[in-house]
Amino acid sequence: MSAIIGVDVGGTFTDLFLLDEASGTTTVAKVPTSRPDQSQGVVEGIAATGAALGDVATVVHGTTVGTNALLERKGARAGLITTAGFRDVLEMRRRDRPETWGLWGGFVPAIPRDLRLEVAERVLADGTVATPVDLDAVRAAARELLARGAEAVCVFFVNAYANDENERLAADAVAEVWPNAHVTRASRILNEIREFERGSTAALNAYLQPVLGRYLESLGQALEQGGFGGELLIVQSNGGVMAAAEARRLPVRTALSGPAAGVIAATHIARAAGFENVITCDMGGTSFDVSLVVEGASAEAPQTEIDFGLVIRSPMIEITTISAGGGSIARVDRGGILRIGPDSAGSDPGPVCYAQGNDKPTVTDANVVMGRINADQPIGGRASLDVAAARRAIEREVGEPLGLDVMAAAEAIVRVANASMAGALRLVSVERGHDPKDFALMPFGGGGALHVGALIDEVGLARALVPRYPGITSALGCVVADMRVDYVSSLVAPLDGLDVARLDGEMVALSKRGRAALARAGVALDGVEDHFQLDMLYQGQTHTIAVPLDLTVGDAGTGVDENIVRTAFEAAYERAYGRLLSGLPIRVMNLRVWVVGRRPRFDPKLLAPAGLGGAEPLALRPVWVGGGWTETPVFDRLALPVGTRIPGPAVLEQADTTIFVEAGHEGRVDGFGNLVVAAKEAP
């Protein structure tokens, strides 16, 4: 068995990238996402690559099951057992509200109040057990939750980060009466100070466990029935991968795993092509996901909010999402303003041109009407598109309310979508002190490459790098992502007089724990690396900064000492804020350790064209450009040899996406098969 398959399941399509390590060949496939059981689409997609499951060594899967369950509030019926007096932590949150300047808005927690039960116990902030846990009360609460229909439970005790004895005993007591393995212990999910973030993360883990567990069981059975006997790995939100068994235990770490895989692939491809600074943008059927890569490293956030109040405190690639996907619905609001989204037609019923029952125009409909998308050969193997229906919907819903003809209305939809996307790009670049001219745009997903030229011009980017298979990029990211396990331990201590022996012991212990977890996964690795980081701040501050420690574990430990920590903190603080707050005491809050298992490197040159094609257009097609129809050359993108230059306007078609090169721009095929798009006057 030598084949590795990356699978990314999106809202509209399931994308697959196959790498045969023995021959060095690659194959891609894109099939419609199956509903309600997405595993059927995965198996059908693998069959579409031509691979026999018995010949596949590893399947690496980026999934949206957890994300969708959170966004649609379709997780399991879960219960919570917590310290007396703290059942409402999930609802009190951080005293925030959905609309910052509004006096309205509501929030419904993932676990309703009648399923949040209290028991007597108390651990003080210094770890002292003030009140031992009442285990009989814990068992009674578990039985009560079962009687009320809960299929998963979270045990969350205040201050368990300082001492988890009560919480551990309670979780063991719950397991005695709970009929399945869906028992989450908060301090095992997040062993960190601050009760809301810890409680929210653990509660959402319980909320997702049955949902993702059922999906992975269904997928595993479908793969096994097809003859698969290899390893099934799942992409995490931090861009690393973990074994399927670990994903069942920690489903909360799979939120946003698909977009994270895309960023990993984009970073890998861009670095090989000589681009260290890129802004990635993933345009699918529902959303437009943006992330920043600086000096070859993707930005990572310590937590995210999937939806208002649904906070997950877990390392993840920082991704900004707006509702500007191909299926985002265009509408004219009560003030006469053209809006794109947030409602989306998704894959079912899909855009109007899919002829599946939707009558509201989308961004995809506008691109079809403007001739940028080939209605006779749409991506994903779909039958021809209904252009006439798309025209009627655009005219009725946008043209007539705004007093525009159908083509002006279609162009307006695309321009408003471009403006929304440009705003997201500025948010992660300009508003963080970066000059867009120092960055290349890397669009992927099924729709991103259609808007690449307009985004270059609107944001002032240097150029764009369109990967060889934009619509399959997240699936490729599954193949190139490394194994990774993360741990956090709260220290909460002043730097002066820091117990470095304790810190060193924690670092060594978590390193060994991570390496053991990687070994259990049974995946071939080229090497294992330890990464250490402290969360630190000045006394009196609320928010911490990340302080990396460049240390390795040896026979005598890591060699960490107080001076090393102080120097690292001052360097990180000055880099972030430009100056130090001399004289203020410094505090160490948390230790973070992640262990990375390097998987065999994928060489992007395997994607380079063989040079057998030609640079002649397949045909000329009328495309709406700059307010009028223009006979525009259409090329088979994958047949273009290295070095080919395509002046705009031009359309480049392939099975997984369509690229539109704007007038005044030029596309050039580089040595990796990427298309570098820039204004003609740019070097």
Taking C-beta and beyond as the side chain, do [X] and [Y] meet within less than 4.5 Å on heavy atoms?
X: V634; Y: E653; result: yes
X: Q225; Y: V43; result: no
X: R391; Y: V352; result: no
X: I269; Y: N674; result: yes
X: D289; Y: I322; result: no
X: I340; Y: I413; result: yes
X: L618; Y: F635; result: no
X: V60; Y: I5; result: no

query = Do any pairs count as a side chain to side chain donor-acceptor pair (under 3.5 Å) and have a residue in residues 412-423, sequence neighbours left out, and if so which ones?
reply = N418-H451
Tell me which donor-acceptor pairs under 3.5 Å the side chains of residues 394-405 have, and how far apart each pair is, sequence neighbours excluded?
| residue | atom | partner | partner atom | Å |
| --- | --- | --- | --- | --- |
| R396 | NH2 | D359 | O | 2.7 |
| D405 | OD1 | M407 | N | 3.0 |
| D405 | OD1 | A408 | N | 2.8 |

Identify the heavy atoms of [X] and [Y] that sit nearest to each other, and give their distance.
X: V278; Y: F275; result: CG1-CB, 3.9 Å
X: G471; Y: T657; result: N-CB, 4.4 Å
X: F444; Y: A266; result: CE2-CB, 4.1 Å
X: A449; Y: V452; result: O-CG1, 3.3 Å
X: D656; Y: I472; result: OD2-N, 3.7 Å
X: S39; Y: L219; result: CB-CA, 3.6 Å

Where the side chain of [X] meets the backbone of [Y], is there a donor-acceptor pair that is under 3.5 Å apart?
X: N358; Y: G350; result: yes
X: Y207; Y: A76; result: no
X: S34; Y: G41; result: yes
X: T63; Y: V65; result: yes
X: N374; Y: D376; result: yes
X: S237; Y: R253; result: yes
X: T632; Y: T630; result: yes

Please report the interatomic distance [atom1]([X]) to [atom2]([Y]), rounded to the nearest 0.5 Å.
X: E431; Y: L425; atom1: CD; atom2: CG; result: 11.5 Å
X: I456; Y: E662; atom1: CD1; atom2: CD; result: 9.0 Å
X: L19; Y: T26; atom1: CG; atom2: OG1; result: 7.5 Å
X: L16; Y: T27; atom1: CG; atom2: OG1; result: 10.5 Å
X: Y354; Y: D386; atom1: OH; atom2: CG; result: 13.0 Å
X: I317; Y: L256; atom1: CD1; atom2: CG; result: 10.0 Å

request  = Start with the C-alpha distance between V625 and M370, add both sets of side-chain angles, then the distance that settles side-chain contact (heavy atoms from CB on, under 4.5 Å), and finish with yes or no.
outcome  = CA-CA 8 Å; V625 179; M370 294 171 71; over 6 Å; no
Side chains of [X] and [Y], donor plus acceptor under 3.5 Å:
X: T14; Y: T33; value: yes
X: S218; Y: D37; value: yes
X: T267; Y: S298; value: no
X: T362; Y: D365; value: yes
X: Q654; Y: R637; value: yes

message = Using the ring pair (Phe, Tyr, Trp, His ring centres under 6.0 Å) criterion, which residues pair with F228? Sequence neighbours excluded.
response = none
Ring pair (Phe, Tyr, Trp, His ring centres under 6.0 Å) against F439, all qualifying residues, sequence neighbours excluded = H434
request  = Show your working on side-chain contact (heavy atoms from CB on, under 4.5 Å) between L652 and I646 and close with a plain yes or no.
outcome  = CA-CA 9 Å; L652 284 69; I646 305 293; 4.2 Å; yes
key: Plane angle bin for F17 and F602 - parallel if under 30°, tilted between 30 and 60°, otherwise perpendicular   = perpendicular
request  = Would you please classify the geometry between the W629 ring and the W624 ring as parallel, tilted or perpendicular, with 30° and 60° separating the classes?
outcome  = perpendicular
request  = For side-chain contact (heavy atoms from CB on, under 4.5 Å), just list the numbers for R468 and L638, CA-CA rounded to whole Å, side-chain angles, deciding distance to a tenth of an Å, and then say yes or no.
outcome  = CA-CA 8 Å; R468 180 73 165 164; L638 298 182; 3.7 Å; yes
inquiry  = If we check side-chain contact (heavy atoms from CB on, under 4.5 Å) with L18, which of these qualifies: I46, T25, T49, V7?
reply    = T49
task = Given ring-ring contact (aromatic ring centres under 6.0 Å, His included), test Y215 with H61 step by step and report yes or no.
result = CA-CA 12 Å; Y215 171 67; H61 184 16; 5.6 Å; yes
inquiry  = For V651 and V623: C-alpha separation, side-chain torsions, deciding distance, then whether side-chain contact (heavy atoms from CB on, under 4.5 Å) applies.
reply    = CA-CA 9 Å; V651 174; V623 176; 4.1 Å; yes
message = Going by salt bridge (Lys or Arg N to Asp or Glu O under 4.0 Å), name the pairs with one or both residues in residues 316-340, residues two or more places apart or in two chains.
response = E318-R432, D333-R339
task = Enumerate the residue pairs fulfilling salt bridge (Lys or Arg N to Asp or Glu O under 4.0 Å) with a member in residues 442-458, sequence neighbours excluded, ordered by first and then second residue.
result = none
key: Basic-acidic side-chain contact under 4.0 Å: E666, K680   = no
message = Tell me whether E224 at atom CD has more than 12 heavy atoms from other residues, nucleotides or ligands lying less than 6.0 Å away.
response = no
